[in-house]
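Taking it in order: structure first as structure tokens, then the write-up.
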Amino acid sequence: MKTQSAFKLNQKNPLLSFLQFSKTTQQILQIHAQLITTNLITDPFILSQLLLSLTSPNAPNLNYAELVFNRIHQPNSFMHNTMIKGYTQSSNPGKALNFYVNMRSESHLLDNYTYPFVLKACGVLMGLVEGREIHGEVVKRGFWSDVFVVNGLIGMYSKFGDMASARFVFDGSEVKDLVSWNIMLGLCVQSGDIRAAQKMFDEMPEKNVISWSIMIDGYGKVKKVGDVTKARLLFDHMPIKDMVSWSSMIDAYAKIGKVVAAHQLFDEMPEKNVISWSIMIDGYAQHGKPKEALNLFRQMLCQGVRPDMVSVMGAISACSQLGALDQGRWIHMYMKRTRITMDILVQTALVDMYMKCGSLDEAHRIFYSMPKKTVVSYNVMIVGLGINGFGEEALECFAQMEREGIPKDDLIFLGVLTACSHAGLVTEGFHIFERMKKDYKVEPKVEHYNCLVDLLARAGQLEQALNVIESMPMKPNSALWGTLLLACRTHRKVALAEFVVERLVELKADNSGVYVLLSNIYADVGMWNDALRIRKLIKDRNMKKETGSSAIEVDGNIIEFVSGEMNHVWSQELKSIVHSFLRMSIS
DNA sequence: ATAGGGTTAG
């Protein structure tokens with residue numbers, strides 16, 4: 001955005017000066033009211049300026065702009081183009097295309113300024129057919145030498161993800177600038193072809209910060225450790241960095257769970273915005289460090305950074321993981337109070353948070369007040385009901401989803417199956433699994449078989465579970481055997497457990513947890529020698545045991561308990577509580 | 001022309 005120059009009074013036309021200086025809609029409207037009373041209203045230059053002000057992204061008032069536009073007797077190209085630009089920028093590309101269609105009937109209005117805007121509208125609308133048609137028109141009318149038009153075309157094909165067409169325009173054009181190269185670079189990255197991007201990057205006659213940032217982002221998105229190193233190399237070598245380059249680099253680390261490296265850069269970056277904070281918060285939340293995520297969120301608020309919809313997601317997710325109901329509630333209230341808009345994604349995250357924190361009431365309230373629901377919203381609800389033991393309600397929710405005609409994906413079946421498994425609804429679960437293949441034509445994946453095995457095994461039907469594993473179309477993975485092994489303990493099936501461990505050894509997935517479980521199974525049925533033999537094996541192989549931990553929220557503080565560590569300030573109190581409960585249950 | 005967001009198994 002250009003900085004507003006100091007107010008200069010136009011002697012010949014004082015109103016015009018005010019108009020160009022006005023920033024808020026109210027000011028513009030006032031001036032317009034004055035304009036109507038004067039004869040200046042017919043001056044095309046004044047009217048153009050008025051439309052420009054009314055459609056500016058600072059204070060757009062497209063309805064009013066359209067009103068003014070319709071009262072103009074013979075709108076010129078500039079006015080048309082201003083309307084198209086305004087509609088595209090305020091995300092109403094359909095209207096923009098309408099304007100364009102109207103212009104076409106008087107083709108003298110169409111100039112080289114029209115096409116970039118209308119092509120952009122096609123890109124936003126995903127209007128593939130219209131886009132190609134306009135492409136043809138551009139060629140016919142010979143606007144090839146205009147780099148803005150060419151970039152409009154490349155940009156549009158880039159939005160469609162149509163590399164071939166974008167390349168065709170790019171290669172065939174005589175006029176390329178840095179923007180054209182950068183759009184192509186971005187398209188390569190977007191289609192996952194980092195090698196092609198690197199080739200272009202090397203060939204580019206000149207590069208700017210944006211080109212470098214695209215490459216860093218691209219290498220970061222490949223999500224392999226080696227490529228992140230490559231991203232870092234570029235990052236360290238680029239001549240000038242801006243917030244986007246820093247954020248892209250931090251995100252590259254955060255996405256692969258290298259939170260330490262990410263946080264270090266985050267501390268080093270000279271200037272932060274909401275996006276950089278969100279990246280860091282989400283990085284922690286997605287990699288098992290919800291406490292750190294919440295801490296950062298608090299820090300962000302302290303620094304006076306106003307959170308937006310996206311930046312609260314990480315914090316909400318952290319609350320779900322911690323079961324931190326009070327803090328989750330606080331964030332929810334904070335959003336209401338500070339009028340942060342909540343879209344489907346935020347609402348879904350909130351439903352998930354309330355469900356995971358066991359507050360079904362609040363989850364219900366949001367869920368049923370949602371104007372639109374997606375598969376994901378339903379999934380969150382169904383899984384939430386399931387983990388809270390309301391299997392029947394979960395199935396009812398699924399039925400409601402069917403009635404609303406929401407298309408299903410494979411994950412929703414995973415949700416329904418886990419809900420059944422948690423509630424012990426074996427026949428219902430089996431039924432859903434069958435219907436999944438038959439009625440919905442969704443091919444079950446290993447994860448679905450895992451759920452089915454879990455469902456049967458928990459209910460004690462271990463033979464059937466084994467049957468499923470042996471008859472399924474794909475190779476069973478270690479998670480699947482793990483599920484079965486866990487059920488072996490609950491149902492004391494020693495022989496089957498030994499069989500399962502053999503399979504896990506074959507898969508080289510026999511970690512310490514597996515042997516601990518096996519040893520416990522032996523111990524449960526009194527086979528002490530075997531139990532000891534396995535214990536010794538764990539010790540001899542020097543296998544490290546992952547320490548278990550859990551956390552609860554006490555008065556808004558997150559208290560973490562680590563297995564085996566009983567020296568926590570809360571431990572003594574906890575012990576006495578547990579003991580008094582035990583005494584109560586005995587007497 | 002470049003950066004951030006929701007769902008699964010313990």
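These numbers were taken from a predicted model, which means no experiment stands behind them.
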Using residues 380-393 of chain A as the side-chain source, report each donor-acceptor pair under 3.5 Å to any protein atom, sequence neighbours left out, with the distance given to one decimal.
from	atom 1	to	atom 2	distance (Å)
A/Asn388	ND2	A/Met355	O	3.2
A/Asn388	ND2	A/Gly384	O	2.8

What integer distance in Å separates [X]:[atom1] from [N]:[atom2]?
| X | N | atom1 | atom2 | result |
| --- | --- | --- | --- | --- |
| A/Ile256 | B/dG4 | CD1 | P | 15 Å |
| A/Asn388 | B/dT8 | CG | C1' | 16 Å |
| A/Leu414 | B/dG10 | CG | P | 11 Å |
| A/Lys445 | B/dT7 | NZ | C1' | 13 Å |
| A/Asp282 | B/dA3 | CG | P | 16 Å |
| A/Lys159 | B/dA1 | NZ | P | 6 Å |
| A/Lys241 | B/dA3 | NZ | C1' | 16 Å |
| A/Met300 | B/dG4 | CE | C1' | 11 Å |

First locate atom [atom1] of [X], then atom [atom2] of [Y], and finally report the distance between them rounded to the nearest 0.5 Å.
| X | Y | atom1 | atom2 | value |
| --- | --- | --- | --- | --- |
| A/Leu486 | A/Arg458 | CG | CZ | 8.0 Å |
| A/Asp282 | A/Met313 | CG | CE | 8.5 Å |
| A/His332 | A/Arg329 | NE2 | CZ | 11.0 Å |

Report yes if at least one side-chain N or O of [X] is closer than 4.0 Å to OP1 or OP2 of [N]; otherwise report no.
| X | N | value |
| --- | --- | --- |
| A/His422 | B/dG10 | yes |
| A/Gln286 | B/dG6 | yes |
| A/Lys356 | B/dT8 | yes |

[X] side chain: which of [options] is closest?
| X | options | result |
| --- | --- | --- |
| A/Lys255 | B/dT8, B/dG5, B/dG6 | B/dG5 |
| A/Thr418 | B/dA1, B/dG10, B/dA9 | B/dA9 |
| A/Met243 | B/dA3, B/dT8, B/dG4 | B/dA3 |
| A/Asn379 | B/dG5, B/dT7, B/dT8 | B/dT7 |
| A/Val244 | B/dA1, B/dG4, B/dA3 | B/dA3 |
| A/Ile210 | B/dG5, B/dG6, B/dT2 | B/dT2 |
| A/Lys120 | B/dA3, B/dA1, B/dG6 | B/dA1 |
| A/Asn273 | B/dG5, B/dT8, B/dA3 | B/dA3 |
| A/Asp352 | B/dA3, B/dT7, B/dG4 | B/dT7 |
| A/Asp343 | B/dG5, B/dG6, B/dG10 | B/dG5 |

Tell me what [X] touches on the nucleic acid: a base, only sugar-phosphate, or nothing, going by heavy atoms under 4.0 Å.
| X | answer |
| --- | --- |
| A/Leu411 | base |
| A/Val346 | base |
| A/Asp308 | base |
| A/Gln190 | nothing |
| A/Ser377 | base |
| A/Ile344 | base |
| A/Ser311 | base |
| A/Asn450 | nothing |
| A/Ser245 | nothing |

Checklist entry - Can you check whether A/Leu417's main-chain N or O pairs, donor with acceptor, with A/Ser421's side chain at less than 3.5 Å? => result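 Answer holds: no.
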
Checklist entry - Mind checking whether A/Phe266 and A/Trp277 have parallel, tilted or perpendicular rings, split at 30° and 60°? => result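 Ring orientation of A/Phe266 relative to A/Trp277: perpendicular.
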
Next on the checklist: Which label fits A/Phe433 and A/Phe430: parallel for a plane angle under 30°, tilted from 30 to 60°, or perpendicular past 60°?
Outcome noted: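 Aromatic pair A/Phe433/A/Phe430 classed tilted.
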
Checklist entry - Less than 3.5 Å between a donor and an acceptor, one on the side chain of A/Ser247 and one on the base of B/dA3, is that the case here? => result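 Flag set: donor-acceptor pair detected.
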
